[in-house]
Amino acid sequence: MSLSEATEAQSSELTAILEKLEQAETGRQQALSALLRLERAVEMMHIGVTITDLDGKILFTNPADAAMHGYPVEELLGQEASMLSASDEHSRQSMEQVAKIRVWERETLDTRKDGSTFPVLLISDIVEGPDGPVAIVTTCLNLTDRKRAEQQLIEDALHDPLTGLANRSLLIHHLDRSLGRARRQKNYLFAVLLLNLDRFQVINDSMGHAFGDQLLVLVARRLLACLRPTDAFARLGGDEFVILAEDITNETGATRVANRMRDLLAAPFIIDDKEIFVSTSIGIAVSTSGYSQPAQLLRDANLALRRAKTRGKGNHEIFDTAMHQKAVALLELETDLRRGLEREEFRVFYQPIVSLKSGKVTGMEALLRWQHPTRGLLAPDQFLSVAEETGMIQEIGWWVLQEACGQTKKWEDLRADAPQLTLSVNLSGRQFTQPDAAKTIGSILDSTGFDARHLVLEMTEHAIMKEAEPAKRALSQLKALNVQLHMDDFGTGYASLSYLHRFPIDTLKIDRSFISGIGTRLGSAEIVRTIIALAKTLDMQVIAEGIETREQLDELKDLECDLGQGNYFHQPLGSDAATTFLRSHPDFSD
């Protein structure tokens with residue numbers, strides 16, 4: 001190779017080297033530029049980021065992480081990262097942990113410069129160099145808001161939003177705890193008091209629900225202020241509150257708590273410059289009955305509450321096993337009632353209604369009976385209240401009307417020229433106040449062919465007067481069918497005489513309690529005399545029910561009572577026996 005050729009070759013090699021150097025410098029500048037952009041991005045992040053060396057010293061931290069911990073960035077650089085951790089067990093720095101799983105994620109507590117702590121989520125990852133790990137990058141997320149929200153959700157799930165009291169879920173937890181303690185300590189007793197404000201619905205209806213809510217809040221505050229720290233207080237909903245009275249000596253201790261609650265509520269509440277007086281009924285269940293589940297305590301306290309309410313406002317009752325037995329019996333009776341409808345176990349009996357002046361049978365009253373498969377023939381007072389409470393009274397009541405109209409139509413078809421019998425059928429308050437009651441009765445009359453003029457619908461004085469204006473409208477609709485309307489059980493002290501003349505009532509039926517008192521109870525005859533005089537004044541007829549003796553009959557005749565019925569004339573009869581009775585009656589023929 002000549003000198004010129006060698007020189008040219010060296011020149012080309014040098015040019016290549018310079019090009020490579022230029023490329024390397026460009027790459028370095030690009031890398032530095034990228035790193036600078038990354039650093040700026042990290043500094044602008046709202047999530048804390050720190051980079052530590054393998055010994056745990058802070059090489060880099062972004063403003064978000066520094067501010068989160070209450071430091072300026074410069075003060076953290078070169079410091080031990082462990083100074084930011086509130087837990088030795090969950091240190092921010094653990095090369096061993098990161099090396100095992102590459103990415104280490106954990107929730108722990110960090111410390112601010114002022115010494116306060118806060119919850120964080122830390123995620124650490126290894127930075128690899130050519131020869132292995134060179135640093136650890138840790139991101140830090142402040143969990144304070146999330147933890148606060150989670151705690152609020154828990155609070156909301158366990159507390160009543162209106163009063164702030166414990167709700168049913170938290171109460172169940174307290175009851176579980178008390179039951180556990182009772183199992184461990186034989187002498188430990190506690191009581192559950194279920195409180196229900198008397199006539200609270202009237203306040204809601206008259207003053208509005210917002211007013212009622214204010215009252216509930218004030219009631220809760222007043223009761224809460226007098227409870228012991230160990231007692232639990234909860235609102236189940238509506239106007240029902242529960243007090244868990246811990247560590248009482250005996251049932252008397254529970255009674256004292258109940259009396260204290262009633263006394264506290266005796267003082268008036270002031271809402272919107274109005275004085276409101278409330279009282280409460282209280283049912284008590286004491287842990288002496290071997291309870292194992294919270295629901296059993298609440299069930300029995302509720303049974304006791306219902307018993308207390310039957311005694312009037314402001315009473316309390318302590319649960320006993322007889323209440324539970326009665327409740328079970330009622331539940332069984334309800335089940336049997338439903339089956340009785342399906343199995344056609346109900347029967348209609350008929351009792352003659354007699355003119356006291358002529359002695360002739362003028363009509364029949366349809367009376368419901370239940371041929372129970374195991375308990376025999378049951379009278380209405382043994383099951384009717386359950387039928388009313390469950391709403392089954394409507395289905396049963398319309399069945400009675402259908403059955404009785406059909407049977408009486410058969411009797412009419414057998415009569416010659418004798419006067420037509422009237423048919424009296426009782427309607428419950430639930431039945432005659434239904435919007436479609438008149439339509440239902442009209443359909444039954446059409447399907448049976450029974451003459452509406454001979455149908456008597458009996459409604460109790462209580463059912464009519466319970467809501468006088470709606471009842472007046474309902475009775476007017478029924479009267480439009482051309483049926484007769486009787487007020488049953490009259491004289492029990494419920495009706496308002498100022499309302500009586502406004503109802504389209506044809507006949508007053510004197511309650512049997514006054515008839516039975518004739519000749520035996522002072523004043524009964526005078527009450528009957530007054531009712532008869534009132535009816536005559538209002539141009540109504542009068543029926544006396546429950547006539548049992550000749551003395552009662554003679555007295556009623558002297559008082560010019562129009563009609564009567566009772567066992568003195570005849571006991572209620574099944575349809576076949578009633579047919580036989582009517583066949584033998586002088587006014588009835590083939």
Of all pairs that satisfy side-chain hydrogen bond (donor to acceptor under 3.5 Å, both in side chains), the ones with a partner from residues 474-491, not counting sequence neighbours: K479-D506, H486-T507
All ring pair (Phe, Tyr, Trp, His ring centres under 6.0 Å) counterparts of F200, not counting sequence neighbours: none
Identify whether the distance between the nearest side-chain nitrogen and carboxylate oxygen of [X] and [Y] falls below 4.0 Å.
X: R502; Y: E469; result: yes
X: E334; Y: R338; result: yes
X: K509; Y: E365; result: yes
X: R235; Y: D160; result: yes

Side-chain donor or acceptor of Q382 paired with backbone N/O of A379 under 3.5 Å: yes
Any donor-acceptor pair under 3.5 Å from R307 side chain to I318 backbone: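 Between the backbone of I318 and the side chain of R307 there is no qualifying donor-acceptor contact (under 3.5 Å).
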Minimum side-chain heavy-atom gap F581-H570 below 4.5 Å: yes
Minimum side-chain heavy-atom gap F241-L193 below 4.5 Å: no
Side chain to side chain contact (heavy atoms under 4.5 Å, CB included) between S281 and N315, worked out: CA-CA 5 Å; S281 299; N315 285 300; 5.5 Å; no
Whether over 12 other heavy atoms sit under 6.0 Å from R177 CZ: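 Enclosed: over 12 neighbouring heavy atoms sit under 6.0 Å from CZ of R177.
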